[in-house]
Amino acid sequence: MTRVKLAFDDLALFGAPPAFDDLLHVGRPNVGDPQRLHERINTMLANRWLSNDGPLVREFERRVAEACGVKHCLAMCNGTIALEIAIRALDLSGEVILPSYTFVATAHALQWQEITPVFCDMDPATHNIDPSKIEALITPSTTGIIGVHLWGRGCDTDAIESIAAKRNLAVLYDAAHAFGCTHQGRRVGGFGRAEVLSFHATKFVNSGEGGAVVTNDDALAEKMRLMRNFGFVHFDKVNHIGTNGKMCELSAAMGLTSLDSCGDFVAVNRRNYLHYCEQLRQVRGITPIAYDSAETPNYQYVVIEVDEPAAGLSRDELIELMFAENIRARRYFWPGAHRMEPYRSYFPNAHLMLSETERVAAKVIVLPTGTAIGPSDIDAICAIMRLGLLDPARVRARIKERAAAMP
Ligand code: T4K
């Protein structure tokens with residue numbers, strides 16, 4: 001049940017029942033046609049082929065490659081393993097430059113292989129890596145750059161690739177957010193040496209758990225094909241170091257069913273995004289990030305920036321206001337990978353070089369969207385924010401009172 005909040009005293013922070021009985025999450029999975037999924041699972045069971053380069057995985061790879069406009073798609077068990085395999089296949093070592101404002105998996109995929117992640121600051125206008133700050137981070141140990149297309153908005157591939165060409169560095173993109181998006185009118189997937197996708201449950205197209213590396217590089221694709229299957233070229237013959245990065249048939253069945261409805265999911269995400277924008281249009285201090293209308297975004301993240309002096313409440317106070325209403329809005333990707341372990345211990349002064357990351361990470365909120373969320377939910381969420389901002393001093397005082405009462 002949803003309770004519409006009309007007056008300040010209706011807010012759950014002040015003791016009223018929450019707006020939502022059930023928790024409203026960011027990342028509630030989109031589910032395609034269950035019947036189609038069951039059919040695929042039944043075929044899989046009849047085939048008795050559950051993993052290892054099965055027919056559903058092959059079909060999934062073909063369709064993802066087609067959607068990205070690339071020659072090769074290597075489906076993997078998740079995006080993090082796909083990153084690790086791509087990093088290894090590219091022979092990255094020593095130091096690799098990446099943005100700190102990303103999901104920590106981008107950094108972990110390097111550190112897991114004892115490659116040092118070197119955190120670069122972001123451009124606050126795009127939330128993506130600021131290419132003008134890359135060159136200063138290059139040392140004789142640097143072997144590559146990983147750009148992240150955060151929120152599905154392409155990072156500055158031209159600038160990154162021109163620096164990389166000049167300094168002989170490999171370029172890999174973490175495109176976990178950007179499946180189905182375009183950048184400079186081109187489909188994401190074909191930039192750099194390779195791009196990495198995630199099909200985690202929370203992504204708008206999902207395979208439960210899943211990921212992929214897409215590339216136009218034949219040799220690289222072949223290397224990754226071996227690497228994801230222990231290096232086996234044939235029964236009893238191993239030609240390469242490898243791991244188990246395979247996607248299973250059950251995930252592929254889920255992924256294919258999700259792909260069938262991809263267009264509908266984007267349409268819902270777009271509708272939700274525009275509805276949030278409309279509802280928040282005149283709310284002082286709250287700005288949804290923009291998507292370039294010349295591109296084709298997937299709109300899977302609704303991201304707002306809270307300008308505390310203008311709004312009267314901080315990002316964290318707004319989060320607390322929403323949590324009281326059972327809205328689990330998220331602070332992605334606060335506090336930045338550089339402030340998470342082991343990086344904060346390894347590089348205790350990293351924040352001194354990451355002032356924009358620190359500033360932006362402290363004001364971002366990601367709001368619930370996807371097919372689990374409808375216009376009336378968005379109306380209710382935005383009404384709560386608007387009400388809270390009507391009397392920020394009272395909200396702040398109440399939050400302080402609650403904190404003081406905590407055992
Ligand atoms: N690079 C970037 C830039 C990424 O954003 C990610 C992943 C990766 C690389 C790595 O790709 P994967 O290895 O994950 O394929 C979530 C996701 O787990 C993660 O995939 C995603 N990015 C990140 C942005 O968000 P958490 O820790 O917030 O996830 P989780 O699983 O707690 O889900 C968030 C909320 O979604 C839950 O509180 C409830 C809801 N939920 C979740 C699941 C799994 C559901 O309602 N149903 C579900 O089945 O990281």
Side-chain angles (χ1 to χ4, degrees), residues 20 22-32 60 64 74-87 96 98-112 117 119-120 122 126-129 146-155 172-179 181 188 194-214 228 243-248 250-252 254-255 258 298 300-303 319 322-323 326-337 340 357 361 364-373 377:
F20 298 95
D22 298 324
L23 295 181
L24 225 63
H25 288 289
V26 170
R28 208 88 178 130
N30 295 325
V31 179
F60 183 69
V64 170
L74 287 307
M76 310 265 179
C77 52
N78 61 56
T80 306
I81 295 287
L83 273 168
E84 286 173 19
I85 288 179
I87 286 164
V96 170
L98 75 164
S100 174
Y101 194 59
T102 178
F103 190 54
V104 72
T106 324
H108 280 350
L110 292 163
Q111 190 64 51
W112 192 255
F119 295 116
C120 186
M122 62 137 92
T126 63
H127 292 188
N128 281 324
I129 192 166
I146 300 182
V148 181
H149 306 307
L150 211 76
W151 318 131
R153 301 190 300 182
C155 58
L172 175 68
Y173 292 106
D174 177 338
H177 296 183
F179 178 65
C181 298
V188 166
E195 303 209 52
V196 175
L197 305 168
S198 167
F199 297 106
H200 180 256
T202 54
K203 299 295 183 291
F204 85 107
V205 168
N206 80 82
S207 58
E209 288 282 354
V213 187
V214 283
R228 76 167 172 190
T243 183
N244 185 353
K246 300 184 300 290
M247 176 180 272
C248 70
L250 204 51
S251 280
M254 186 78 191
S258 199
N298 58 29
Q300 71 176 320
Y301 291 101
V302 175
V303 183
I319 287 269
M322 286 193 271
F323 264 51
N326 282 340
I327 304 161
R328 292 293 179 264
R330 298 293 300 261
R331 297 187 287 188
Y332 290 140
F333 289 102
W334 184 81
M340 294 179 170
T357 303
V364 162
I365 297 181
V366 179
L367 295 168
T369 186
T371 51
I373 303 291
D377 299 316

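Indexing begins at 1, ligand by ligand and atom by atom, following the structure's order. Since this is a predicted model, take the numbers as computed values, not measurements.
- Shortest contact from atom 41 (N) of ligand 1 to any protein heavy atom: G27 O, 3.6 Å.
- The distance from atom CD1 of I319 to atom CD1 of I365, rounded to the nearest 0.5 Å, is 4.5 Å.
- Contacts of S258 classified as side chain to side chain donor-acceptor pair (under 3.5 Å), with partners at least two apart in sequence or in another chain: none.
- With atom 26 (P) of ligand 1 as the reference point, the heavy atom nearest to it among W151, Y101, Y332 is part of Y332.
- The shortest contact between atom 38 (O) of ligand 1 and any protein heavy atom is with H25 ND1, 3.6 Å.
- Counting all heavy atoms, side chain and backbone alike, A194 lies closest to V213 at CB-CG1, 3.8 Å.
- Taking CD of E84 as the start and OG1 of T80 as the end, the distance is 7.0 Å to the nearest 0.5 Å.
- Residue-ligand proximity, P29 to ligand 1, at heavy-atom distances under 4.0 Å covers atoms 45 (C), 46 (O), 47 (N), 48 (C), 49 (O).
- Protein heavy atom closest to atom 4 (C) of ligand 1, with residue, atom name and distance, is F103 CB, 3.4 Å.
- Side-chain atoms of N128 come within 3.5 Å of backbone N or O of R153 as a donor-acceptor pair.
- Taking every heavy atom of both residues into account, L172 and I87 meet most closely at CD2-CG1, 3.8 Å.
- Contact annotation: for R28 versus ligand 1, heavy atoms closer than 4.0 Å belong to both the backbone and the side chain.
- Here the OG1-NE2 distance, from T369 to H25, works out to 15.0 Å after rounding to the nearest 0.5 Å.
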Only pairs under 3.5 Å count here: list side-chain donor-acceptor contacts from residues 202-212, not counting sequence neighbours, and write none if there are none.
unit_1, atom_1, unit_2, atom_2, d
T202, OG1, H200, ND1, 2.7
N206, OD1, G208, N, 3.0
N206, ND2, N30, O, 3.0
S207, OG, F199, O, 3.4
S207, OG, E209, O, 3.0

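- No part of E209 comes within 4.0 Å of ligand 1, judged by heavy-atom distances.
- With ligand atoms numbered from 1 in the order given, ligand 1 contributes 1 (N) to contacts under 4.0 Å with heavy atoms of T106.
- The distance from atom OG1 of T106 to atom OH of Y173, rounded to the nearest 0.5 Å, is 14.0 Å.
- Ligand 1 lies out of reach of A109, whose nearest heavy atom is not under 4.0 Å from it.
- When non-hydrogen atoms are compared, ligand 1 lies under 4.0 Å from the side chain of F333 (C-beta onward) but not from its backbone.
- Only side-chain heavy atoms of T202 come within less than 4.0 Å of ligand 1; its backbone N, CA, C and O stay farther off.
- Note: M122 CE to L150 CG = 7.5 Å, rounded to the nearest 0.5 Å.
- Considering only non-hydrogen atoms, atom 15 (O) of ligand 1 lies nearest to S198 out of G211, A82, S198.
- Nearest protein heavy-atom contact of atom 34 (C) of ligand 1 is R330 NH1, 3.7 Å.
- With hydrogens and angles disregarded, a donor-acceptor distance shorter than 3.5 Å links the side chain of H177 to the backbone of W151.
- Against a heavy-atom cut-off of under 4.0 Å, T102 is close to the following atoms of ligand 1: 3 (C).
- If you look at K203 next to ligand 1, the close heavy atoms, those under 4.0 Å, all belong to the side chain.
- Note: H108 NE2 to L83 CG = 12.0 Å, rounded to the nearest 0.5 Å.
- Short contacts between ligand 1 and G210, defined as distances under 4.0 Å to a heavy atom of the residue, involve ligand atoms 15 (O).
- At a heavy-atom cutoff of 4.0 Å, ligand 1 is contacted by the backbone of V26 but not by its side chain.
- For atom 28 (O) of ligand 1, a protein non-hydrogen atom is found at a distance below 4.0 Å.
- Looking at R328, its side chain never comes within 3.5 Å of a backbone N or O of P368 through a donor-acceptor pair.
- The option from H177, H108, H200 that lies nearest to atom 31 (O) of ligand 1, judged by heavy atoms, is H200.
- Taking only non-hydrogen atoms, the option from L197, T80, V104 nearest to atom 10 (C) of ligand 1 is T80.
- An N or O contact shorter than 3.5 Å links D174 to ligand 1 by distance.
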